[in-house]
Amino acid sequence: MKLKILLVIVASSALIAYPVQAAALNPYLQDSTGFDVSWPNNNCVSTLARGAAWGIVGATGGLNFHTNPCLPVEAAWFKHLSLYSNTGYAGLAKAQKYAGWPRHCATDDENCLAYNWGYNAGKYAVKAAAQQNIHASMWWLDVEIENSWSETNVLANRASIQGMADAIERYVVVVTIGIYSYPGQWDKITGSWRPGHWPSWVATGTYDRATALAWCTGHDFTGGGTWLTQYIEVLDRDYACPPSY
């Protein structure tokens with residue numbers, strides 16, 4: 001995910017009917033380093049990532065409603081696993097397919113339809129992982145401009161992200177949700193939204209670990225604190241920031 005952006009989700013084999021709201025518990029040991037891997041990484045083969053302390057794996061394959069074909073292989077590389085899911089909003093016409101659930105939306109109510117689109121995409125991601133017996137209590141939502149978004153309605157974009165988060169909270173027994181993005185991309189997509197309750201995983205775009213460490217401060221784009229910063233060293237690597245950030 002090099003801007004490319006990783007995210008994470010999990011559920012039990014059967015979808016859970018009601019959410020359990022959990023406190024935002026940071027599962028990453030301060031100053032530790034892990035990996036994030038997505039569906040095209042080395043054709044599902046990576047000797048570098050195996051045996052790492054922790055890792056974040058894409059449950060989806062680059063787009064909403066697409067499964068990562070490498071998920072079982074990549075998830076097995078890590079003792080401590082988080083998941084991420086791609087996000088996006090494909091527009092009014094495609095979102096109308098989901099007009100009836102979970103909210104009852106008028107066919108021209110874009111914000112409502114965008115919420116339902118995100119919600120159903122989140123449910124899909126959880127189910128895709130659960131059907132392969134892949135589970136995690138930390139999910140990240142991958143928010144980047146390479147996916148589809150409204151260029152004129154940032155409220156619809158926000159609604160889609162919120163819908164996905166709500167679905168994950170509903171269908172995963174106990175879960176913490178965070179957002180992966182590059183600050184400038186997040187601000188463009190969401191209109192500089194600061195929801196405050198989701199931690200940030202910051203894509204730095206750097207190949208330098210020292211720079212990634214420095215980005216633990218001053219680059220929180222959600223208002224929920226910076227938990228991880230990403231840098232590139234052959235594969236994507238992620239530094240766990242001190243809790244004060």
Side-chain angles (χ1 to χ4, degrees), residues 5-25 56 58-60 63-67 82-92 94-106 109-131 134-144 147-150 153-181 186 189-191 193-201 221-225 227:
I5 287 169
L6 298 175
L7 289 234
V8 188
I9 10 192
V10 208
S12 62
S13 299
L15 293 179
I16 307 302
Y18 300 100
V20 175
Q21 299 291 337
L25 300 177
I56 308 172
T60 51
L63 297 170
N64 288 336
F65 305 104
H66 288 73
T67 303
S82 301
L83 294 173
Y84 80 90
S85 177
N86 297 100
T87 63
Y89 167 57
L92 190 67
K94 291 185 178 180
Q96 287 172 345
K97 175 181 178 180
Y98 302 101
W101 192 83
R103 297 177 176 175
H104 296 286
C105 304
D109 187 344
E110 185 167 33
N111 294 348
C112 182
L113 291 167
Y115 178 90
N116 281 7
W117 171 273
Y119 190 99
N120 281 278
K123 180 182 177 183
Y124 175 95
V126 171
K127 185 176 180 180
Q131 286 178 334
I134 307 298
H135 309 283
S137 59
M138 181 77 220
W139 279 79
W140 293 94
L141 306 186
D142 177 351
V143 180
E144 55 182 308
N147 292 107
S148 298
W149 297 100
S150 173
N153 187 350
V154 295
L155 295 182
N157 295 339
R158 294 181 190 182
S160 179
I161 295 167
Q162 185 66 61
M164 175 170 278
D166 288 351
I168 293 167
E169 288 182 346
R170 177 170 183 174
Y171 294 115
V172 178
V173 180
V174 177
V175 66
T176 298
I177 294 172
I179 305 291
Y180 167 89
S181 194
W186 171 262
I189 291 166
T190 70
W193 187 27
R194 298 294 184 269
H197 54 284
W198 293 322
S200 296
W201 169 15
F221 54 84
T222 63
W227 284 11

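Sequential numbering from 1 along the given sequence is applied to the chain's residues.
- Atom CD1 of I161 is separated from atom CH2 of W117 by 14.0 Å, given to the nearest 0.5 angstrom.
- Looking at P199 and I179, their side chains never come closer than 4.5 Å, going by heavy atoms from C-beta outward.
- Side-chain contact between N64 and M164: present, with at least one pair of heavy atoms (C-beta onward) separated by less than 4.5 Å.
- Annotation: side-chain hydrogen bond (donor to acceptor under 3.5 Å, both in side chains) contacts of R103 (sequence neighbours excluded): none.
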### Task
Show the numbers, then the answer: is there a side-chain contact (heavy atoms from CB on, under 4.5 Å) between S137 and V174?
CA-CA 6 Å; S137 59; V174 177; 5.7 Å; no
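- Using a 4.5 Å cut-off on side-chain heavy atoms (C-beta onward), Y119 and R170 make contact.
- With rounding to the nearest 0.5 Å, the separation of CD in E110 from CD in Q96 is 9.5 Å.
- Minimum heavy-atom separation, S160 to G88: OG-O, 2.7 Å.
- Contacts of T60 classified as side-chain hydrogen bond (donor to acceptor under 3.5 Å, both in side chains), with partners at least two apart in sequence or in another chain: N86.
- Taking CG of N111 as the reference point, atom OH of Y89 lies at 8.0 Å (rounded to 0.5 Å).
- How far CD of Q162 is from CD1 of I177: 8.5 Å, rounded to the nearest 0.5 Å.
- For the ring-ring contact (aromatic ring centres under 6.0 Å, His included) with W198, the lone residue among W193, W186, F221, W227 that qualifies is W193.
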#### Entry: Steps toward ring pair (Phe, Tyr, Trp, His ring centres under 6.0 Å) verdict (Y124, Y98)
CA-CA 13 Å; Y124 175 95; Y98 302 101; over 10 Å; no
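- When all heavy atoms of N116 and P102 are compared, the pair lying nearest together is OD1-CD, 3.1 Å.
- Just one of V143, T222, T87 meets the side-chain contact (heavy atoms from CB on, under 4.5 Å) condition when paired with S181; it is V143.
- The structure places CG of L63 at 10.5 Å from OG of S85, a figure rounded to the nearest 0.5 Å.
- Of the possible donor and acceptor atoms, none in the side chain of W149 sits under 3.5 Å from a partner among the backbone N and O of A156.
- Checking side-chain atoms of S150 against main-chain N and O of N157 turns up no donor-acceptor pair under 3.5 Å.
- A pairwise comparison of heavy atoms in A125 and A59 identifies O-CB, 4.3 Å as the closest pair.
- For the atom pair NZ of K123 and CZ of F65, the computed distance is 10.5 Å after rounding to the nearest 0.5 Å.
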